[in-house]
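First comes the structure, then the notes that go with it.
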Amino acid sequence: YDNLQTAQGTSLYSGTVTIGTSVSASKYYPEDLTRKVGTFTYANGTSTVYRIADTDDVWNGSDQRVVVDAHFGASMVYDYFKTVHGRNGIDGAGGPTAYAAANGGAGLISSIVRYSTAYNNAFWDGTKMTYGDGDGSTFAPLVSLDIAAHEMTHGVTQYEANLTYQNESGALNESWSDVFGALVERYVYGESTDTWKIGEDCYTPGTSGDALRYMDDPHDASNGGYTSNDDPDHYSERYTGTSDNGGVHINSGIPNHAFYLLAKGGTHHLSGVAVTGIGADDAGKIWYKALADYMTASTNFAGARQATLSAASALFGGSSAQYTSTQSAWCAVGVG
Ligand SMILES: Cc1cc(C(=O)NCC(F)(F)F)no1
Ligand SMILES: [Ca+2]
Ligand SMILES: [Zn+2]
């Protein structure tokens with residue numbers, strides 16, 4: 001929601017849009033032909049998708065807020081990967097765009113809002129982004145920037161390592177999405193304590209200060225410690241059951257915390273291992289290169305440690321502070 005003002009103040013989406021072969025006059029669509037990013041909507045509670053239009057390009061209707069935020073989010077995710085990592089879109093080639101092309105728009109990386117009814121989730125389905133409105137209690141509409149980046153990073157992972165979505169490789173898949181969710185939010189709004197919270201802008205709208213996950217403190221000790229947000233932050237605490245695809249949203253706390261310690265430094269509350277922070281920019285470069293060049297579908301936590309060490313060595317050298325801190329970050333969380 002916090003992006004609506006941007007749309008009201010300026011013509012964030014302006015001008016005519018090429019629709020198929022003809023150009024429509026003075027009708028405004030949230031379709032950015034430069035970034036190849038477009039946002040569509042489900043008709044309330046149906047499975048019919050349509051292109052939402054506006055006549056004056058001020059998107060302040062009650063059903064337009066989620067469109068603005070989803071489109072803003074996708075645009076910022078595109079800009080982050082292009083500007084920071086030199087990656088063009090989700091698939092690395094300015095796409096995938098087939099979905100929109102097949103549904104009446106130009107070829108665009110598509111986001112769809114208002115999925116289902118009171119749907120407390122968001123997801124990348126292999127070709128496009130989809131957001132629920134939330135039930136208004138557990139979630140407000142799930143169009144917050146870190147969630148958009150989290151989900152669209154599942155797309156990036158799919159075209160790169162394609163980490164199998166279960167057990168340790170699945171927890172890495174989830175963690176890499178949380179990491180780039182945090183990094184995109186930091187890229188747009190600057191670093192703050194919210195950077196390391198996931199979903200804080202849409203989780204429990206009736207409660208301030210909480211979040212879906214906490215990279216700086218997966219156990220969420222601030223909330224009385226071992227609570228509903230009780231995710232592990234050390235390998236010795238990993239979940240080994242079968243729910244949640246083998247704990248993919250639970251064990252993600254372990255690599256999430258490794259990334260946090262690498263970026264910000266600190267001493268692990270359980271292992272007592274101290275990590276000298278290298279900053280989120282260099283940590284993000286290591287994490288991206290590991291995903292793109294060294295990780296595969298079956299990579300586990302030990303493999304992720306090795307992949308990030310290989311990336312740190314390639315980027316900064318095997319005796320660099322970045323390499324040494326990558327070693328200690330994984331050691332702090334009990335991996336390697
Ligand atoms: C349990 C559980 C957590 C998630 C989750 O993280 N979803 C992505 C988000 F965008 F909705 F946050 N899904 O099931
Ligand atoms: Ca956040
Ligand atoms: Zn996810």
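Counting starts at 1 for both ligands and their atoms, following the listed order. In what follows, every heavy atom counts, from backbone to side chain, and hydrogens, waters and symmetry copies are set aside.
Proximity of N120 to ligand 1, defined as any heavy-atom pair under 4.0 Å, is not found for any part of the residue. With a 4.0 Å cut-off on non-hydrogen atoms, I198 does not touch ligand 1 at all.
Within the 3.5 Å criterion, the main-chain N or O of Q322 finds a donor-acceptor partner in the side chain of T326.
Each of the following atoms of ligand 1 lies closer than 4.0 Å to a heavy atom of E151: 8 (C), 9 (C), 10 (F). Within the listing of ligand 1, atoms 9 (C), 10 (F), 12 (F) sit less than 4.0 angstrom from a heavy atom of I147. The atoms of ligand 1 that sit less than 4.0 Å from any heavy atom of L212 are 6 (O), 12 (F).
Cation-pi geometry between R51 and Y29 is satisfied (NZ or CZ under 6.0 Å from the ring centre, within 45° of the ring normal).
Sorting the N, O or S atoms of D194 by how far they are from the Ca ion (ligand 2) puts O first. Between the Zn ion (ligand 3) and the N, O or S atoms of E174, the shortest distance is to OE2.
Taking the Ca ion (ligand 2) as the apex, the angle formed with O of K197 and OE1 of E200 is 70°, to the nearest 10 degrees. Draw a line from the Ca ion (ligand 2) to OE1 of E185 and another to OD2 of D146, and the angle between them is 80° (to 10°).
Here H249 fails the criterion, with no N, O or S atom under 2.8 Å of the Zn ion (ligand 3).
Using a 3.5 Å distance cut-off with no hydrogens or angles, the side chains of Y239 and S243 do pair a donor with an acceptor. Using modelled atom types and a 3.5 Å distance limit, the side chains of T153 and W176 yield no donor-acceptor pair. Between the side chains of E185 and Y80, not a single donor N or O lies within less than 3.5 Å of an accepting N or O.
A ring-centre distance under 6.0 Å is not found for Y214 and W196.
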Audit row: K82, D79, salt bridge (Lys or Arg N to Asp or Glu O under 4.0 Å) steps and yes/no: CA-CA 5 Å; K82 188 83 167 60; D79 285 358; over 6 Å; no

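Checking H150, E174, R213 against atom 6 (O) of ligand 1, the nearest heavy atom belongs to R213.
Residue F40 is tested with I52, L108, V67, T130 for a side chain to side chain contact (heavy atoms under 4.5 Å, CB included); the sole match is L108.
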